[in-house]
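All values below were derived from every heavy atom in this structure, side-chain atoms included, with hydrogens, water molecules and symmetry-related copies excluded. Numbers here simply count residues along the sequence, with the first being 1. All ligand and atom numbering here is 1-based and tracks the order in the structure.
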Amino acid sequence: MTVSGSDPLALGQKLVSVLDDGLRTATYKLATLIALLDFAVENVPRNADAAVDVDLDDLAERVIAIYWRPVRDLDGHYLRQSSNRVARIPDAVRELKSLATTRTGSDPTLEFVRRFHPDPYRAAVVAVRETLVTQPLYRLQRVRGERSHECFLYDDTWLSDKVSGKQLAAHDNKISLFPGVCTTLARLSSLLRPALQIAWLDDVRRHNPFLQRDVPDLASHHFGADRISLERARGALADNFGQRCFYCGAATTHHVDHVLPWSRVGLDGLTNLVLSCSACNLNKSQLLPDPRIVLRALDRGQERLTEIADSISWPSQYERVESAARGLYSTQPAGTPLWIGRQSVDVIRADFAWPGAG
Ligand SMILES: [Zn+2]
């Protein structure tokens, strides 16, 4: 079967077959796919059928961010993300994290490490990139036991388990998503993310037999928003934008809420955060908000948000939030519910276009 990049069903089936491969030795393929979905949402091309280049350093940084939470201890255990003793990607991320932890004494944010430990951060990006090209990116489109394989996401014929720096440079440190694939991945993102996460947790249980007995909250350990760290953002938001609920104006704010839902795009930069009352937070849940709400969050100003974020060593992610909003809204099917406020829900209409710039 030849897969067209702009056929969501065919591409989705191919990706699900990656999930079905119950013999994965590490969670890398799943992390790489999640990183590609995030990338796709933020990089939907103007021409839906265009090919899109993925910079491998960008991809490596996304994978580091994805492992940032899972590599911390759970009940005193460093969870295995691989059936091998040595797991290069999580090990590199954990080492990077522990370097900053010993100096600050607390669980550091990735942004803090990126800013104040640029050299070790850079070294980790290089190590992760090297592993990505020789392992998950090389193997992602291959089904075990099959001699030949069909590339359906990007050309992988130049990849191998020994890609040299020279070969990478010859390819501009990029892989290129085939025409239409980026848009299709963005369209599939909300569907596939939860499935990839479930497969990931299954793998972790398999690699860590003790988890079968204890069953701690593995999902929030891996993919939950970091509530403790988010507390740092709360004070900064209250000081600069007031104590009121961003959505309804109520004076009680108990939550730091992700405007673009955390479950859809893993963006916890300050631009995507607002204070919210419990009622709005609960009611909005995982719904996409009306785009005007996102515009209002952006209207707080790139410069101001970046300045505030800097002051607490937090990422602002202004541009990423803006691109993700454009990508998310422009790829949702007509009929997708939009949260307007606690009283009302609208739907995306067929002629919908993201109203913002970017
Ligand atoms: Zn409210």
Side-chain angles (χ1 to χ4, degrees), residues 41 69 109 111 189-190 193-194 217 219-220 223-309 311-312 314-330 332 335-349 352-358:
V41 168
R69 285 174 56 70
T109 64
E111 182 66 14
S189 174
S190 302
R193 270 174 76 96
D217 190 356
S220 70
F223 310 118
D226 192 344
R227 292 286 154 212
I228 296 164
S229 293
L230 284 178
E231 282 307 308
R232 284 156 62 108
R234 175 199 296 278
L237 288 169
D239 290 348
N240 288 278
F241 304 109
Q243 277 281 10
R244 294 188 172 275
C245 172
F246 182 77
Y247 303 116
C248 73
T252 52
T253 53
H254 293 291
H255 297 271
V256 176
D257 191 61
H258 292 86
V259 180
L260 296 174
W262 174 255
S263 57
R264 290 181 184 252
V265 283
L267 293 174
D268 62 3
L270 203 70
T271 307
N272 199 33
L273 299 180
V274 296
L275 294 182
S276 151
C277 70
S278 311
C280 285
N281 178 267
L282 211 73
N283 187 259
K284 176 170 169 276
S285 183
Q286 299 180 18
L287 288 177
L288 272 184
D290 183 297
R292 285 170 296 187
I293 293 176
V294 184
L295 288 179
R296 205 150 59 74
L298 291 167
D299 280 345
R300 290 176 295 172
Q302 180 165 13
E303 214 171 298
R304 188 164 179 213
L305 285 163
T306 306
E307 206 172 284
I308 301 165
S311 72
I312 54 169
W314 197 269
S316 144
Q317 295 180 330
Y318 188 94
E319 278 153 14
R320 289 184 63 186
V321 170
E322 195 172 35
S323 328
R326 194 178 68 79
L328 263 183
Y329 288 99
S330 64
Q332 297 304 304
T336 301
L338 290 177
W339 188 83
I340 293 180
R342 291 210 302 278
Q343 313 309 339
S344 47
V345 167
D346 197 0
V347 293
I348 289 185
R349 296 176 206 288
F352 177 87
W354 162 245

Check the Zn ion (ligand 1) and write out every protein N, O or S atom at under 2.8 Å, as residue and atom.
Cys245 SG, Cys248 SG, Cys277 SG, Cys280 SG

Is the shortest side-chain heavy-atom distance between Leu298 and Glu322 below 4.5 Å?
yes

Out of Val265, Val274, Leu230, which one pairs with His258 under the side-chain contact (heavy atoms from CB on, under 4.5 Å) rule?
Leu230

Determine, for Phe241 and Arg300, whether the Lys NZ or Arg CZ falls below 6.0 Å from the six-membered ring centre while staying within 45 degrees of the axis.
yes

If you define the side chain from C-beta out and look only at heavy atoms, does anything of Cys248 sit under 4.5 Å from Arg342?
yes

Is it true that Arg234 and Glu231 make a salt bridge, defined as a side-chain N closer than 4.0 Å to a carboxylate O?
yes

Give the ring-plane orientation class for Trp339 versus Tyr247, where under 30° counts as parallel, over 60° as perpendicular and anything between as tilted.
perpendicular

